[in-house]
Protein chains: 2
Amino acid sequence: MQKATADKSDPIAAQLAPVGRETVQDRVYLELRRALIGGLFEPSQVLTIRGLADALMTSTMPVREALGRLITEKALEALPNRSVRVPPITLERMDDLLRARILIEGEAIALAATRMTPRQITTIESMLGEWDEMRALKHKKDVDREVTLNQAFHFEIYRACGSAVLIPMIESLWLQSGPCIRVAIYAFSDAGEVDTAHYHRTIVKAIAAQDAKGARDALVADISRPFTFLRSKLEAEAKKGQSA
Amino acid sequence: MQKATADKSDPIAAQLAPVGRETVQDRVYLELRRALIGGLFEPSQVLTIRGLADALMTSTMPVREALGRLITEKALEALPNRSVRVPPITLERMDDLLRARILIEGEAIALAATRMTPRQITTIESMLGEWDEMRALKHKKDVDREVTLNQAFHFEIYRACGSAVLIPMIESLWLQSGPCIRVAIYAFSDAGEVDTAHYHRTIVKAIAAQDAKGARDALVADISRPFTFLRSKLEAEAKKGQSA
DNA sequence: TCAATGCAAGTGTGATCACAAATCAAATAA
DNA sequence: TTATTTGATTTGTGATCACACTTGCATTGA
């Protein structure tokens with residue numbers, strides 16, 4: 001049916017090419033991805049191809065392909081109008097996302113706990129210090145930095161799980177829960193203390209002891225927090241406004 | 001039940017639009033998807049945009065967008081040359097895929113086991129009969145029908161798990177393991193008996209009894225089979241040809 | 001005043017073109 | 001004969017255009 005070009009050597013050593021010319025399409029995709037994980041778009045916000053193309057200083061071509069990719073990983077949602085929007089937050093969706101994250105990220109960290117090298121453990125330990133730095137000058141709450149640091153910490157661990165299948169799934173889950181998390185973090189900051197460092201410390205301790213179960217439990221506690229918080233917030237709002 | 005009642009409020013009731021004009025892009029995407037799950041492309045096969053566009057009687061436009069989507073869900077692989085191919089089969093990747101499938105599909109069927117309605121259980125029971133039909137005229141082995149029936153059976157169950165997050169992930173996993181499965185089924189047919197019906201019967205029995213753990217175990221046995229079989233086959237081949 | 005109609009701007013989709021990079025083949029030189 | 005180079009073809013990428021559909025607003029009618 002196809003051309004097939006039966007290559008002579010099977011593993012062409014694909015993973016991460018030595019020469020990686022970046023295409024505009026990839027730049028746009030990564031840009032949108034970063035914005036979504038960081039929660040820069042708000043839930044239910046509608047995105048237009050031409051609008052994004054103008055904002056990103058390119059033509060519509062790379063944008064539509066990037067949007068299509070984000071739609072397939074459920075980071076965006078295609079409406080029947082053919083317009084595209086950030087998925088709205090609902091209670092069911094939040095519970096659904098949290099359950100999936102506990103399942104998959106829990107497995108990933110359990111694998112990583114038995115595989116991380118001393119060098120990798122040192123790396124995540126050093127990340128704990130950054131939380132203290134940030135707490136020191138907490139008078140201005142830098143939500144962007146919190147999000148970035150939290151992401152770097154978790155994915156440093158997940159990368160060590162050694163599964164090329166699980167990691168993209170986790171990325172997709174973060175993409176989907178990005179908007180929720182942002183809302184939750186803002187709510188957190190209003191509510192009081194941001195105790196992420198404590199949870200991360202518990203995670204690091206378990207990993208250093210090669211305690212897979214302990215690491216999984218600590219992770220569950222860490223990622224459940226913003227969800228349960230946001231959940232109670234949403235429920236309160238739902239009780240007030242029954243108009244919709 | 002559907003009807004959508006186009007309200008301006010937040011939940012626009014997106015899921016499954018009442019009017020679903022099918023775009024060419026979606027047609028191409030579904031076509032390629034079906035071909036991949038069915039294993040119609042062989043591992044390491046290179047696909048070209050213009051080639052597929054000709055084969056599918058359309059321009060390059062919908063094809064490149066469909067390919068981009070399939071690449072993001074790891075159903076296809078982007079080479080540094082910017083060409084696209086079906087990911088090759090390796091032992092590590094197979095183990096990785098199987099572990100992820102056991103984890104996620106196991107969770108999905110455990111959820112489904114407690115949620116399936118009698119009507120849905122009747123549906124999957126009736127599917128068992130089709131295996132007997134097929135066995136009756138087994139002189140010609142209809143691999144396509146086996147693949148289709150197997151897929152229909154599993155996803156009828158997964159749909160009942162009620163998770164809009166897990167199901168797309170399972171689809172992605174099937175997309176990724178499609179080429180492997182096809183190879184395994186062919187090997188199976190050569191080796192002797194195709195005993196899928198037996199495994200499916202065990203699954204149905206557990207679900208009918210609302211036995212979540214039993215259903216999970218039965219599923220693990222079902223989906224592990226082709227992988228372990230293919231694994232031994234690959235190991236034997238690897239022992240012979242160390243040339244590559 | 002209010003609802004219906006019609007026009008205009010906006011938007012997604014598919015096709016086509018231009019260009020650069022990669023691939024393949026033949027021809028040339030050692 | 002073998003290795004290298006050169007030229008033609010193929011291929012992916014980005015831009016632009018044409019068309020259909022939707023949306024929003026102003027006009028028109030009762």
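Since we're looking at a predicted model, the values are computed, not measured. In what follows, every chain begins at residue 1, and chains take the letters A, B, ... in the order their sequences are listed.
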Looking at [atom1] of [X] and [atom2] of [Y], how far apart are the two atoms once the value is rounded to the nearest 0.5 Å?
X: B/Thr196; Y: B/Leu149; atom1: OG1; atom2: CG; answer: 8.5 Å
X: B/Asp54; Y: B/Thr60; atom1: CG; atom2: OG1; answer: 10.0 Å
X: A/Ser172; Y: B/Glu73; atom1: OG; atom2: CD; answer: 9.5 Å
X: A/Ile104; Y: A/Cys161; atom1: CD1; atom2: SG; answer: 11.0 Å

Distance, rounded to the nearest Å, where [X] contributes [atom1] and [N] contributes [atom2]:
X: B/Arg50; N: C/dT16; atom1: CZ; atom2: P; result: 12 Å
X: A/Arg85; N: C/dG12; atom1: CZ; atom2: C1'; result: 17 Å
X: B/Met61; N: D/dC19; atom1: CE; atom2: P; result: 18 Å
X: A/Glu65; N: D/dG12; atom1: CD; atom2: P; result: 12 Å
X: A/Leu79; N: C/dT13; atom1: CG; atom2: P; result: 12 Å
X: A/Arg64; N: C/dT13; atom1: CZ; atom2: C1'; result: 6 Å
X: A/Ile49; N: D/dT22; atom1: CD1; atom2: P; result: 16 Å
X: B/Gln25; N: C/dG12; atom1: CD; atom2: P; result: 12 Å

Of the candidate nucleotides [options], which contains the atom at the shortest distance from the side chain of [X]?
X: A/Pro62; options: D/dA15, D/dG12, C/dT16; value: D/dA15
X: A/Arg82; options: C/dG14, D/dG12, C/dT13; value: C/dT13
X: B/Thr48; options: C/dG14, D/dT13, D/dT11; value: D/dT11
X: A/Ser59; options: D/dT11, D/dT16, D/dT13; value: D/dT16

Legend entry - Closest non-hydrogen atom pair, B/Glu31 against B/Leu56: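 That would be CG-CD2, 3.7 Å.
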
Inset, instruction - For A/Leu47, answer base if it contacts any base atom (sugar-phosphate contacts may also be present), sugar-phosphate if it contacts only those atoms, and nothing otherwise; contact means non-hydrogen atoms under 4.0 Å. - result: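 If one applies the 4.0 Å heavy-atom cut-off, A/Leu47 turns out to touch the sugar-phosphate alone, with no base involved.
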
Inset, instruction - Would you tell me if any nitrogen or oxygen in the side chain of B/Thr58 comes within less than 4.0 Å of OP1 or OP2 on C/dA15? - result: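 Checking C/dA15 against B/Thr58, a side-chain N or O does come within under 4.0 Å of OP1 or OP2.
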
Inset, instruction - Give a yes/no on whether any side-chain N or O of B/Asn81 is located under 4.0 angstrom from OP1 or OP2 of C/dT23. - result: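 True: B/Asn81 side-chain N/O within range (under 4.0 Å) of C/dT23 OP1/OP2.
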
